[in-house]
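Small disclaimer: the values here were computed from a predicted structure and weren't measured. In this chain, residues are counted from 1 in sequence order.
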Amino acid sequence: MMTQHGTGCLGAPDGAAAQLLRKGTGMSDGDKASSTASTAGGAHILLFEDDENLASLLARVLRTEGYQVDVHDNANEVPPAPRLAGYDVVLSDIHLADDTNGHEVLRRVREGAPATPVILMTAYADIEGAMNAVGEGAYDYLAKPIEPTELKRMVGEAIARRKLAASEPEVLTRKDAQAEAQIVGTTSAMLTVYKTVAHVAPTTATVLIVGESGTGKELVARAIHAKSPRAARPFVAINCGALPESILESELFGHERGSFTGASAMKRGLFEEAKGGTLFLDEIGEIGPKMQVQLLRVLQEGEIRRVGAAETVKVDVRVVAATNRDLKDEVAAGRFREDLFFRLQVVTVHVPALRERRGDVALLIKHFIARHAERLGRPAPRVAPEVFDVLEAYAFPGNVRELSHLLERAMLLAREGVITASDLPPEVTGAHAEQMAAGGAMGTLADDWPTLQALERRYIDRVLSRTGGNKTRAAEVLGIDRRTLNRMFARERAAETGKPLSDEELDALERDED
């Protein structure tokens with residue numbers, strides 16, 4: 001067996017085993033507190049190991065954590081289904097007595113108690129063995145020599161996942177995820193976006209959407225189109241920064257046959273394809289000077305000229321553009337035409353970064369899990385409470401797009417149908433751990449020194465996001481009645497008008513909140 005981990009591992013030579021035993025049974029209270037096995041609560045472990053000394057050591061370490069451990073040495077001793085269901089975790093070596101093996105243990109447990117996690121152990125760890133174990137339904141794959149802390153962590157996590165998986169499921173449907181063209185969020189920052197979209201969508205005005213990469217600018221553009229009189233006509237999108245200018249020109253305006261090498265036929269451009277609908281120009285800040293001039297003419301005259309053509313073609317298209325650049329700075333630097341900038345920003349929609357709308361993170365988690373579950377054709381997993389805390393504390397440089405990718409990754413790695421913090425990347429969990437070490441949850445919350453009123457509003461936003469926007473349920477959690485909550489929102493809406501309102505006017509606004 002491998003010995004490079006030294007005497008701190010189970011499965012080492014006999015000389016080290018005695019030292020291991022002392023190390024395993026003499027852990028300090030601090031060590032125990034750090035272990036995820038604190039969820040033991042009399043949990044029952046079934047252990048299969050044919051090496052008597054190692055079996056004794058493994059059982060001893062687990063019992064110091066408060067677990068009950070039953071030990072067997074071959075797969076034929078797997079108990080019948082009724083008894084098997086009483087175990088919380090099964091641990092099994094790959095090679096067992098009487099020519100049996102851990103794969104047989106795994107198969108029998110999956111047949112008799114499919115909800116019971118099985119951890120396989122082996123001294124010959126390799127990629128094929130790990131893939132086979134996971135492919136057969138093993139919870140995890142533990143390589144010898146076994147570190148006591150890793151053993152306890154894995155067992156404790158398996159027990160916690162099983163408890164969460166067995167709890168009352170929260171049904172997530174596509175309806176909960178909302179339609180593809182809709183935006184998810186209930187925070188005040190997102191309400192501002194909704195109001196702007198509602199005002200501008202019915203018009204023909206050109207719209208400029210600004211925000212960091214990954215904030216959902218195209219979703220806002222689609223929402224504008226979906227709420228406009230042009231909704232029945234095409235929505236056509238193009239990333240202007242992804243194409244060289246010569247190709248972008250042909251894509252937008254089309255070309256005539258023979259206008260350049262390879263132009264074997266006439267091609268209509270996207271302005272013509274989007275006739276009567278909306279053309280979304282993403283990353284508009286990336287286009288060069290020539291394209292800026294051409295685009296300005298289209299916006300002013302409502303006509304385009306195909307590459308190589310002598311005549312112009314009238315187009316009826318609403319243009320919505322988006323950028324993650326500050327176009328005012330680009331204009332000042334001489335990289336973007338001022339007249340085009342003014343023509344594009346008839347109405348500007350600012351999409352906030354995810355760190356500016358942390359109250360929406362929980363709602364977005366449920367939204368993306370429902371979407372990914374439907375796309376992957378699998379049941380939506382449960383989410384451990386600590387996942388919400390970790391993700392709500394993360395800075396999200398990639399914004400909503402990054403959150404979506406993180407959750408898809410977590411769903412693929414999740415075991416027992418439960419996503420826990422261990423399914424998230426280290427940089428995400430590490431950031432949360434650093435924040436907690438620096439001052440705890442309240443220290444993090446007060447980093448920007450908000451007023452009590454702002455702090456209260458953040459908490460209400462968070463409760464609303466956890467309840468999916470259900471005000472009645474949120475009021476119950478907050479310990480107030482729904483009318484008080486509605487009254488608070490009515491006062492906020494009144495404050496936006498910049499003038500005091502009478503009680504009758506506030507009552508009318510309160511009724512609107514219902």
Side-chain angles (χ1 to χ4, degrees), residues 189 192-193 195-225 228 230 235-255 269-275 277-307 309 312-353 356 399:
T192 301
V193 173
K195 291 175 185 177
T196 307
V197 169
H199 282 103
V200 75
T203 73
T204 59
T206 304
V207 180
L208 179 63
I209 305 172
V210 298
E212 296 178 9
S213 293
T215 50
K217 296 187 290 295
E218 183 170 343
L219 273 182
V220 174
R222 290 183 179 274
I224 291 171
H225 175 73
S228 75
R230 297 172 177 263
F235 176 91
V236 179
I238 184 171
N239 187 330
C240 299
L243 299 171
E245 190 166 85
S246 58
I247 297 177
L248 179 61
E249 180 182 17
S250 176
E251 285 294 311
L252 288 177
F253 307 127
H255 59 254
L270 298 184
F271 271 100
E272 291 183 80
E273 288 186 15
K275 181 180 179 182
T278 303
L279 179 60
F280 175 55
L281 303 176
D282 198 8
E283 303 301 346
I284 192 69
E286 307 296 327
I287 64 175
K290 178 185 175 183
M291 184 57 64
Q292 291 178 32
V293 173
Q294 292 174 296
L295 185 56
L296 178 61
R297 178 172 177 79
V298 176
L299 294 175
Q300 289 177 338
E301 307 298 333
E303 61 184 29
I304 57 104
R305 188 191 305 272
R306 299 189 192 117
V307 177
T312 59
V313 178
K314 284 290 184 182
V315 290
D316 173 24
V317 175
R318 180 188 199 166
V319 172
V320 177
T323 182
N324 59 9
R325 295 192 178 197
D326 187 329
L327 291 188
K328 290 182 180 179
D329 290 345
E330 295 298 299
V331 169
R335 291 186 293 264
F336 203 85
R337 293 181 62 97
E338 186 176 42
D339 47 3
L340 177 58
F341 171 58
F342 289 136
R343 191 67 185 80
L344 287 171
Q345 69 148 11
V346 175
V347 177
T348 300
V349 180
H350 172 74
V351 185
E356 297 170 2
N399 291 296

Could you grab the distance from atom [atom1] of [X] to atom [atom2] of [Y], nearest 0.5 Å is fine?
X: Gln300; Y: Leu340; atom1: CD; atom2: CG; value: 9.0 Å
X: Glu245; Y: Gln292; atom1: CD; atom2: CD; value: 8.5 Å
X: Leu299; Y: Leu344; atom1: CG; atom2: CG; value: 6.0 Å
X: Leu295; Y: Ile304; atom1: CG; atom2: CD1; value: 12.0 Å
X: Glu283; Y: Ile238; atom1: CD; atom2: CD1; value: 12.0 Å
X: Thr312; Y: Arg305; atom1: OG1; atom2: CZ; value: 6.0 Å

| task | Please report the C-alpha distance between Glu272 and Val315 in whole Å, then the side-chain angles of each, then the deciding distance to 0.1 Å, and finally whether the side-chain contact (heavy atoms from CB on, under 4.5 Å) criterion is met. | result | CA-CA 6 Å; Glu272 291 183 80; Val315 290; 4.3 Å; yes
| message | Tell me whether the rings of Phe235 and Phe280 are parallel (<30°), tilted (30 to 60°) or perpendicular (>60°). | response |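 Rings of Phe235 and Phe280: parallel, under 30°.
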Contact summary for [X] and [Y], nearest pair of heavy atoms:
X: Thr323; Y: Gly285; result: OG1-N, 3.8 Å
X: Ala201; Y: Ile224; result: CB-O, 3.6 Å
X: Thr348; Y: Thr196; result: O-CG2, 4.2 Å
X: Gly211; Y: Lys217; result: O-NZ, 3.2 Å
X: Val193; Y: Pro352; result: CG2-CD, 3.8 Å
X: Gly214; Y: Asn399; result: O-CB, 3.3 Å

| said: Between Ile284 and Leu208, does the side-chain contact (heavy atoms from CB on, under 4.5 Å) criterion hold? Intermediate values first, please. | reply: CA-CA 9 Å; Ile284 192 69; Leu208 179 63; 4.3 Å; yes
| query | Are Thr192 and Lys195 close enough, and set up right, to give a side-chain contact (heavy atoms from CB on, under 4.5 Å), and what steps lead you there? | reply | CA-CA 5 Å; Thr192 301; Lys195 291 175 185 177; 5.7 Å; no
| Which residue pairs pass the side-chain hydrogen bond (donor to acceptor under 3.5 Å, both in side chains) test with at least one member in residues 334-343, sequence neighbours excluded? |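 Listed by first then second residue: Glu330-Arg335, Arg337-Asp339.
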| field | Side-chain heavy atoms of Asp329 within contact of Phe336, under 4.5 Å | value |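 They are not in contact (no side-chain heavy atoms under 4.5 Å apart), so the answer is no.
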Could you list the donor-acceptor pairs under 3.5 angstrom formed between side-chain atoms of residues 246-253 and any protein atom two or more places apart in sequence or on another chain?
{"residue": "Glu249", "atom": "OE2", "partner": "Gln294", "partner atom": "NE2", "Å": "2.8"}
{"residue": "Ser250", "atom": "OG", "partner": "His255", "partner atom": "ND1", "Å": "2.8"}

| message | Under a 3.5 Å distance rule, please check whether Arg318 uses its side chain to pair with a backbone N or O of Ala205 as donor and acceptor. | response |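 The answer is yes, because a donor-acceptor pair under 3.5 Å joins these two groups.
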